[in-house]
2 protein chains.
Amino acid sequence: MAGQKIQRQTGVALWRQIADRIRTSINHGDFDETGMVPPETTLALQFGVNRHTIRSSLAALAQEGIVRAVQGRGTLIERKERLSFPISRRTRFSQGIGDQVRETRSVLLAAGEEAATTELARQLKIKTGAPLVRLETLGQADHRPVSRATSWFPADRFGDIAEIYRTTGSITKAFKELGVPDYVRVVTEITATHADEGDLTDLQLSPGAIVLVAQALNADLDNVPVQYSISRFAADRVRFTVEN
Amino acid sequence: MAGQKIQRQTGVALWRQIADRIRTSINHGDFDETGMVPPETTLALQFGVNRHTIRSSLAALAQEGIVRAVQGRGTLIERKERLSFPISRRTRFSQGIGDQVRETRSVLLAAGEEAATTELARQLKIKTGAPLVRLETLGQADHRPVSRATSWFPADRFGDIAEIYRTTGSITKAFKELGVPDYVRVVTEITATHADEGDLTDLQLSPGAIVLVAQALNADLDNVPVQYSISRFAADRVRFTVEN
DNA sequence: TATGGTTGTCTATATCAATAGACATTTAGA
DNA sequence: TCTAAATGTCTATTGATATAGACAACCATA
């Protein structure tokens, strides 16, 4: 556990800061030898806070299913994971993390049609107001939610993509059926922010958590934009890897 | 302002959540027409909180120099910025954002020698314990801190890099003097976390802020690793752009 | 100069966050 | 079976967070 001090009177409660730090340490493998978090009294000493504050932190982590406290023994680590998510010209959800998990799945949350806003039109190189298909999807790895994405497709070429996606569960396959045998990632923009209400429910996050936001543009092999998407990842579960 | 509700009893104070949201809206250009933040009473109504809570949020933003309240008129937007930071095979700090700001600068905070840890040795493809030069640098754009980085270089090839960097203020130039005419980014890992104490001081962040963390490996044209670095960016000031 | 809209300041109250201490309960191992 | 070490529970107190209401001070403008 790095010796960074925690911040007081910042609008972020100590128990939350400490919970975030312990979660990071778990993901980093700091406690792999024992498979347990250090005793509450030890942590309280390390962080310079009261034991009750540590208990609040561990309670939050237990709520997330990351640790489990056993009276008399200690606090066991139940789960640790931070998926490495490659971002490259050939970025696809399932491919990159396929070797890190047993099963990846993509679920359609919602679908609909809407007119292109100025921003979406600029990205997809179409006219403002042109019809778009919007898909809301949830990416899962081993039945754990990892990302939630909103994607827009030009409706003239991909009017039926929602239905095809619903049956195949794959954007790549849907594209193939609609005459796009292959596509590439043109650009990805990455930002970070606090989790909103949708993130909390869809990604099963605890409030105050951080999400990584990736805005991506995909194009077919003729360099014509086919998909613009905004994906939100649980920051403590993934890591983006940019291979150049 | 997006209609996301704010979270109560999460360990993150309401005033901080709201401050983050307002800052994002400012950066997004939501208030560009008036150049002002909506009145406190309006914001209180929108977020469903007391006016005093909004005042706490605006006070925090004023502390950051983002807004300035004027009695009788309203709260003026003083500054908005979110630099787009390209990540590519030829990523350098100054080049990518050069057209977005008037001046970029890099300052040496500290330098020293240390032995390679297992992790650093693996990245740089050298032996564990081999001597490394460590540089702590601060990247600035128009005199505003944007990123703080820790870099490691194999000492056998780059033993004098600290001194050369101190005079030139450029890694690229230092490499050139040491016989590396060109170098490329091999891989970049991107994560996000809360700001630590060093971030607060060096990046002039308010506590609880988010930082984007980029761990990067650079290699020379023979594909020999020359630099491993961990950079921390103020998440509300930058956006990573991955061109593929 | 009168008015409406805005920020600034004050008091009061309730709840959350954090500390402090004491003791019970459970487990593993000597 | 005793003991040490760990988590579980309880009470009490302090400071930060949030709400509520009232009013002052200031600005732009009709």
Side-chain angles (χ1 to χ4, degrees), chain A residues 5-22 26 31 33-78 194 206-208, chain B residues 5-22 26 31 33-78 194 206-208:
Chain A
K5 282 179 191 160
I6 50 178
Q7 311 292 318
R8 284 163 193 267
Q9 300 172 22
T10 66
V12 182
L14 297 184
W15 63 263
R16 169 141 297 287
Q17 297 182 53
I18 293 171
D20 292 339
R21 293 263 297 273
I22 295 176
I26 290 174
F31 312 131
E33 290 189 13
T34 59
M36 298 176 71
V37 170
E40 294 170 352
T41 47
T42 306
L43 290 171
L45 210 64
Q46 279 183 9
F47 285 107
V49 299
N50 193 275
R51 176 174 158 239
H52 293 295
T53 307
I54 296 292
R55 284 181 60 75
S56 297
S57 305
L58 293 178
L61 295 178
Q63 183 64 30
E64 295 178 44
I66 292 176
V67 300
R68 179 169 54 90
V70 179
Q71 192 173 23
R73 291 183 58 194
T75 303
L76 284 63
I77 295 171
E78 286 283 283
H194 285 114
S206 67
Chain B
K5 279 177 193 160
I6 50 177
Q7 312 292 319
R8 284 165 192 267
Q9 298 171 21
T10 66
V12 182
L14 297 183
W15 65 262
R16 169 140 299 284
Q17 296 183 53
I18 293 171
D20 291 339
R21 293 264 297 273
I22 295 175
I26 290 173
F31 312 131
E33 291 188 12
T34 59
M36 299 176 71
V37 170
E40 293 169 354
T41 48
T42 307
L43 290 171
L45 210 64
Q46 280 184 10
F47 286 107
V49 300
N50 192 275
R51 177 174 158 240
H52 293 294
T53 307
I54 296 292
R55 285 180 60 75
S56 297
S57 304
L58 293 177
L61 294 178
Q63 184 65 30
E64 296 178 42
I66 292 177
V67 300
R68 179 169 54 91
V70 179
Q71 191 172 28
R73 290 182 61 195
T75 303
L76 284 65
I77 295 171
E78 287 282 283
H194 285 113
S206 66

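Below, read A as the first sequence line, B as the second, and so on, with proteins coming before strands; counting in each chain starts at 1.
Judged as a side-chain contact (heavy atoms from CB on, under 4.5 Å), and not counting sequence neighbours, the contacts of A:Leu76 are A:Met36, A:Arg68, A:Val70, A:Arg73. Partners of A:Arg51 according to the salt bridge (Lys or Arg N to Asp or Glu O under 4.0 Å) rule, which considers only residues two or more places apart in sequence or in another chain, are A:Glu40.
As a whole-Å value, the separation of B:Leu43 CG from D:dT19 P is 14 Å. When rounded to the nearest whole Å, the span between CZ of A:Arg16 and C1' of C:dC16 equals 14 Å. As a whole-Å value, the separation of A:Phe47 CZ from C:dA18 P is 13 Å. Between the CD atom of B:Glu40 and the P atom of D:dT19 there is a distance of 14 Å, rounded to whole Å. Atom-to-atom, CG of B:Leu45 to P of C:dT6 comes out at 12 Å; the value is rounded to the nearest Å. Computed from coordinates, the B:Leu14 CG to D:dA20 P distance equals 12 Å when rounded to whole Å. In this structure, CH2 of A:Trp15 is placed 14 Å from P of D:dT17, rounded to the nearest angstrom. In this structure, the CG atom of A:Leu76 is 14 Å from the C1' atom of C:dT26, given to the nearest Å.
The line from CD of B:Gln17 to CZ of B:Phe47 is 10.0 Å long, rounded to the nearest 0.5 Å. Rounding to the nearest 0.5 Å gives a distance of 6.5 Å between CG of A:Leu43 and CG of A:Leu58. In this structure, B:Ile18 CD1 and B:Leu61 CG are separated by 10.5 Å, a value rounded to the nearest 0.5 Å.
Distances shorter than 4.0 Å separate some side-chain N or O of B:Thr53 from OP1 or OP2 on D:dT19. The phosphate of D:dG8 has OP1 or OP2 within less than 4.0 Å of a side-chain N or O from A:Arg55. At C:dT7, one or more side-chain N or O atoms of B:Thr75 fall inside 4.0 Å of OP1 or OP2 (strictly under the cut-off).
The shortest heavy-atom contact between B:Phe31 and B:Ile26 is CD1-CG1, 3.9 Å.
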Query raised in the report: For nucleotides 22-30 of chain D, read 5' to 3', which letter fits each nucleotide if B means a protein heavy atom sits under 4.0 Å from the base, S means only the sugar-phosphate is that close, and - means neither?
Result: B--BBBS--
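For A:Pro39, the listed nucleotide lying nearest its side chain is D:dA6; candidates were D:dA6, C:dT7, D:dT17. Listed candidates were D:dA18, D:dT7, C:dT19. Nearest to the side chain of A:Asn50 is C:dT19.
A distance-only check finds no donor-acceptor pair linking the side chain of B:Thr75 to the backbone of B:Ala69 [under 3.5 Å].
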